[in-house]
Amino acid sequence: MPLFLPHFNLQKFNTLAVPAVADYFVAVHNDEELCEALAFARAKNLPHLLLGGGSNIVLRSDFPGLVIQLKSQGKELVAEDDNFVWLKVAAGENWHQLVEYTLANAFYGLENLSLIPGSVGAAPIQNIGAYGVEVKDFISELTALEIRSGVSVSFTNESCRFGYRDSVFKQSLKDQYVITSVTFRLAKVAAPNLSYPALRQALAAVNAPSPQAVSEAVIAIRQAKLPDPAAVPNVGSFFKNPIINATQLSGLAARYPGIVSYAVDEAHTKLAAAWLIDRAGWRGKGVGGAEVHAQQALVLTNPQRLYGDAVLALAEQIQQSVLAEFGVSLELEPRVYP
Ligand code: EPU
């Protein structure tokens, strides 16, 4: 039986450093302990919250229930052919350590996703992405435990219904499954993805950059723009980049010639939310103790380690101001509890 700790302060377990207190906390290392934790919550009639690295959640206030931290470890090479390997990884593994492990073993594809905070099991939920790559392109399948029945189920890539910062686990199956392992299909031959302009520029002087060089460039860009959560509490991007249609874009582009956008398909465009927030005058500003990061306006920080409420109040003011100025709604990117 895992150890259930009452009245537990979560400050060190969420990268926004919110000092929220959970009624109970438990760390689980395998499916059996996970089932015991879920049964404990059920028996006490408590809600539960699953925690990986705690790098994409906003704790609005104390959590009146059981927080379950997934700590399962393990990597297994489950198949291989001439071109690819299939690597099955436990949900509790640290994401960046996995990226380093794949590079050290010459398994390629994840290098653009270097230094993203968080755990392997959380990566598919929001389909983490950076510098032209999304994790969905490397997931062949995953296993998840159905909370209601305790039964372990496999999901193919297709059945995860991945989208931009989205999956079935944020939509119709929200809070119904716990991802317990992810199987990645990785390439044996390097094929660097330099589609992201800032990354291409950073590597312009390097001839045929290796995946290791790509990883190093991504790390350097991230370190320059994004605050280290260990020093300045944050959860990365606080909003998704909004997707708008061609009519909306032509109206905005006429009014704001410098607007930053990326084509999604023929009819849709993704706007850089950072640009909208910056242009609305928010970069470097603070309200009620929460702040907009001076190097990246999409990142909100919590330097005073306040409850999530304070950061959400700033987020709401930003949403209102971007809507008033540009007519564009910004959607929150992290998940909010309770
Ligand atoms: N920009 C501004 N002002 C700023 C920051 C950026 O005008 O303060 C402009 C830049 O000129 C740039 C554009 O906005 O042209 C986009 O900025 P950036 O390249 O930093 O990327 P982003 O669209 O803001 C997204 C992801 C990040 C990811 C980067 C790199 C989302 C919600 N965010 O940010 O992901 O690292 O691209 O691929 O899609 C995260 O999800 O937590 C995250 C950090």
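The shown structure was predicted, so the numbers you read here are calculated from the model rather than taken from an experiment. Order of listing sets the numbers, starting from 1, for every ligand and every atom in it.
For the pair V178 and I147, the minimum side-chain heavy-atom distance is below 4.5 Å. You'll find the side chain of V18 stays beyond 4.5 Å of the side chain of V58, heavy atoms only. The side-chain heavy atoms of F184 and F107, taken from C-beta on, include no pair separated by under 4.5 Å. Using a 4.5 Å cut-off on side-chain heavy atoms (C-beta onward), S167 and K174 make no contact. The shortest side-chain heavy-atom distance between Q69 and L50 does not fall under the 4.5 Å cut-off. Counting heavy atoms from C-beta outward, Y108 and F138 have side chains that stay 4.5 Å or more apart. L186 is not listed as a side-chain neighbour of W86, based on a closest heavy-atom distance of 4.5 Å or more.
Taking atom 14 (O) of ligand 1 as the reference point, the nearest protein heavy-atom neighbour is A272 CB, 3.6 Å. Scanning all protein heavy atoms for the shortest distance to atom 38 (O) of ligand 1 gives Y131 N, 2.6 Å. At the shortest separation from atom 23 (O) of ligand 1 among protein heavy atoms lies N241 ND2, 2.9 Å. Looking only at protein heavy atoms, the nearest one to atom 39 (O) of ligand 1 is Y164 OH, 2.7 Å. With respect to atom 26 (C) of ligand 1, the closest heavy atom belonging to the protein is R165 NH2, 3.4 Å. The protein heavy-atom contact nearest to atom 11 (O) of ligand 1 is V260 CG2, 4.5 Å.
Near G236, with a cut-off below 4.0 Å to any heavy atom, the atoms of ligand 1 are 42 (O). Near R283, the atoms of ligand 1 lying under 4.0 angstrom from a non-hydrogen atom of the residue are 8 (O). Atoms of ligand 1 found under 4.0 Å from any heavy atom of A130, numbered from 1 in the order shown, are 36 (O), 38 (O). Near F239, with a cut-off below 4.0 Å to any heavy atom, the atoms of ligand 1 are 32 (C).
Protein heavy atoms are found inside the 4.0 Å sphere centred on atom 30 (C) of ligand 1.
No continuous path of ILVMFWY side-chain contacts below 4.5 Å connects V133 to V189, so the two sit in separate hydrophobic clusters.
Geometrically, ligand 1 and K240 share no nitrogen or oxygen pair separated by less than 3.5 Å. Between D278 and ligand 1, an N or O atom pair is found at a separation short of 3.5 Å.
Ring geometry for F13 against F25 counts as tilted: the plane angle lies between 30° and 60°, on a 0 to 90° scale. Taking the six-membered ring where tryptophan is involved, the planes of Y177 and F155 are perpendicular, since the angle between them exceeds 60° and thus also 30°.
Residue Y262 holds the heavy atom nearest to atom 16 (C) of ligand 1 of all those in W282, W275, Y262. Here atom 40 (C) of ligand 1 lies nearest to S237 when heavy atoms of S237, G118, A297, G132 are compared. Closest heavy-atom approach to atom 5 (C) of ligand 1 within the set G129, A274, A198: this belongs to A274.
Using a 4.0 Å heavy-atom cutoff, R222 is listed among the residues neighbouring ligand 1. No heavy atom of H293 sits closer than 4.0 Å to any atom of ligand 1.
No part of F238 comes within 4.0 Å of ligand 1, judged by heavy-atom distances. At a heavy-atom distance under 4.0 Å, only side-chain atoms of Y196, from C-beta outward, approach ligand 1. Residue contacts with ligand 1, taken as heavy atom pairs separated by less than 4.0 Å, involve Q296 via backbone and side-chain atoms alike. Looking at K225 against ligand 1, only its side chain comes within 4.0 Å, counting heavy atoms.
At distances below 3.5 Å, at least one donor-acceptor pair connects side-chain atoms of S149 with backbone N or O atoms of V151.
Note that CD of Q97 and CD of Q73 are 8.0 Å apart. Values are rounded to the nearest 0.5 Å.
Exactly one of R161, E134, K136 qualifies for a side chain to side chain donor-acceptor pair (under 3.5 Å) with N127. That residue is E134.
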